[in-house]
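First comes the structure, then the notes that go with it.
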Amino acid sequence: MGELIHELYRPALGLLTDFYELTMAYGYWKAGIAQRRAAFHLIFRNNPFRGGFTIACGLATAVELIERFRFEPADLEWLGDLKGRDGRPLFAREFLDYLGGLRFSADCDAVLEGTVVFPHEPLLRMVGPLVECQLLESALLNVINFQTLVATKAARIVLAARGAPVLEFGLRRAQGIDGAISAARAAYVGGCVGTSNTLAGKLLGIPVRGTHAHSWVMCFESELEAFRAYAQAMPSNCILLVDTYQTLEGIRNAVKIAEELAQEGYELVGVRLDSGDLAYLSQEARRILDEAGLKKAIVVASNELDEQIIASLHEQGAKIDVWGVGTKLVTAFDEPALGGVYKLTALEGPDGTWQDKVKVSEQAVKSSTPGILQVRRFFRGEEAMGDCIYDQRYPLEDGCIIVDPADPTRRKTLPAGLPWAELLVPIFRQGKLVGPLPSLDEIRQRTQKQLSQFHPGIKRLVNPHQYPAGLELNLHERKFRAILQQRGYV
């Protein structure tokens, strides 16, 4: 898994939280309920990119954050210097001492990375002391929202590529250093075969790929001279960028270099197109290379690509073997945030019994679901048939009805006898990591296996089929009653 947080930042990140988490923590402490057990769930409400699925990602980074959850002396000193409007310290010294001794001790269950998930399904469940669960809210959302978003974008791009390799080329356009590293990781989870980000390669073991830039060609008297110098420097890894001046002439110059490489016992790996009419130019590149006997040489394409453009280029008959995707992948260009939320759903009362908690909204889809939730996925053969979100305090019967949280009139019966799997699995118990997490390569393989379990209609880029994922009927009714109670109707 690596130690991404440790390598990038070194110190503990207890202060990586919105300030209101700390003011609430102080309030819980003063009210004497900081150690009361609570249940929180991290969910999202809509599949991103108007798609039919989402790829869970970011858990390993979140686990590292949780393991390093603490406040350093310098953090506490800084908090101690904060003043309220009356000029007095905002936080009592006794509370800061309490924070200094705080260590994660809760239970955490989560969906494994690379799992295909759907709106309203919890990606992570935290059960433990209220103050711990609350303080981790913003950091968990920061990590899981972003990596899930990029992994999903990558999976869509890989589907559009129809089996051709996709490379992540987004370092220079990513939102900061940490954004670039996280995006490279998530893109690999989503199905990319490598990255141009060298630091991500070192930290995470992702294969690194790269050719040369236009500046290389411009540093020599001629394009041919530049290609020759690059071939001499990288004879076993020679992919030539051919569009600095005139693309078709650049391809012909690459053929000349291929002939020179062959005399030295090497092969030209391929050419890269980074501008212009990629459909036409790739067809011409393929023709020129094939006529020169270079049928093994590949055509790589880049230039502001995304899943829609790649799908269109396929329809136009483009002859592209490898896709390099940068800006629109690492920035999730057409949908900049997943919109995941982290909600309190149950609180242990003074007598030790759990009390359901529900947040009511004027928008029905934003009302939270009470309970301690689990997701059960049902199968017919190898194909996923439906997901049931239920409260694990109430055993799920064999055979159930699920209700769409966004539209209670949409219901589906999942018949008895279907095989199933629980999506949320133990990660921490009483603050201790239960076992080793899958490696990054295992997570990447899981993504592809998971996607293979769903009907092709769910994976369509445009107007996808809606997969049945909903609340178990009794849970739906309990939530409905709780909302009516909050509104004073019962």
Is the ring pair Phe40/Tyr342 parallel, tilted or perpendicular, if the boundaries are 30 and 60 degrees?
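If you compare the ring of Phe40 with that of Tyr342, the planes turn out parallel.
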Between Phe71 and Phe69, how do the two ring planes meet: parallel, tilted or perpendicular, split at 30° and 60°?
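Answer is perpendicular, since the angle exceeds 60°.
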Are a donor atom and an acceptor atom from the side chains of [X] and [Y] found within less than 3.5 Å of each other?
| X | Y | answer |
| --- | --- | --- |
| Gln316 | Ser312 | yes |
| Asn474 | Tyr390 | no |
| Thr409 | Asp407 | yes |
| Gln134 | Glu137 | yes |
| Asn197 | Thr195 | no |

Considering only NZ, NE, NH1 and NH2 on the basic side and carboxylate oxygens on the acidic side, decide whether [X] and [Y] come within less than 4.0 Å.
| X | Y | value |
| --- | --- | --- |
| Asp321 | Arg286 | yes |
| Arg446 | Glu442 | no |
| Arg287 | Glu284 | yes |
| Arg478 | Asp391 | yes |
| Glu422 | Arg376 | yes |
| Asp334 | Arg50 | yes |
| Glu304 | Arg173 | yes |
| Arg70 | Glu132 | no |

If we check side chain to side chain contact (heavy atoms under 4.5 Å, CB included) with Gln450, which of these qualifies: Leu112, Val117, Val116?
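It is Val116, the one option of Leu112, Val117, Val116 that forms the side chain to side chain contact (heavy atoms under 4.5 Å, CB included) with Gln450.
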Holding to salt bridge (Lys or Arg N to Asp or Glu O under 4.0 Å), I want the full list of residues that pass it with Glu477, two or more places apart in sequence or in another chain.
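Applying salt bridge (Lys or Arg N to Asp or Glu O under 4.0 Å) to Glu477 gives none.
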Is it the case that the side chain of [X] and the backbone of [Y] share a donor-acceptor pair, with hydrogens and angles ignored and the cut-off at 3.5 Å?
| X | Y | result |
| --- | --- | --- |
| Ser452 | Lys449 | yes |
| Glu472 | Cys388 | no |
| Glu168 | Gly170 | yes |
| Glu121 | Phe118 | yes |
| Asp398 | Gly417 | yes |
| Thr152 | Ile55 | yes |
| Gln374 | Leu424 | yes |
| Tyr467 | Phe53 | no |
| Thr211 | Ile239 | no |
| Asp18 | Tyr20 | no |

Check step by step if side-chain contact (heavy atoms from CB on, under 4.5 Å) holds for Ile427 and Asp109.
CA-CA 5 Å; Ile427 305 298; Asp109 295 72; 5.6 Å; no
What I'd like to find out is whether the side chain of [X] reaches to under 4.5 Å of the side chain of [Y], using heavy atoms alone.
| X | Y | result |
| --- | --- | --- |
| Trp323 | Ile310 | yes |
| Met126 | Leu136 | yes |
| Pro119 | Asn47 | yes |

Would Arg209 and Ser196 count as a side-chain hydrogen bond (donor to acceptor under 3.5 Å, both in side chains) if you check the C-alpha gap in whole Å, the side-chain angles of each, and the deciding distance to 0.1 Å?
CA-CA 5 Å; Arg209 299 288 186 269; Ser196 66; over 6 Å; no
Please lay out, stage by stage, how Leu123 and Phe44 fare under the test side-chain contact (heavy atoms from CB on, under 4.5 Å).
CA-CA 8 Å; Leu123 303 187; Phe44 63 100; 4.0 Å; yes
Verify the neighbour count for atom [atom1] of [X]: are there more than 12 heavy atoms of other residues, nucleotides or ligands below 6.0 Å?
| X | atom1 | answer |
| --- | --- | --- |
| Phe454 | CZ | yes |
| Lys319 | NZ | no |
| Glu397 | CD | no |

Evaluate the criterion side-chain contact (heavy atoms from CB on, under 4.5 Å) for residue pair Val325 and Asp306; output intermediate values, then yes/no.
CA-CA 7 Å; Val325 186; Asp306 64 11; 5.6 Å; no
On a heavy-atom basis, which atom in Leu329 and which in Ala187 lie closest, and how many Å separate them?
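Between these two residues, the closest heavy atoms are CD2-CB, 3.9 Å.
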Chi angles and distances behind the side-chain hydrogen bond (donor to acceptor under 3.5 Å, both in side chains) call for Ser138, Glu21:
CA-CA 8 Å; Ser138 299; Glu21 313 286 2; 3.1 Å; yes
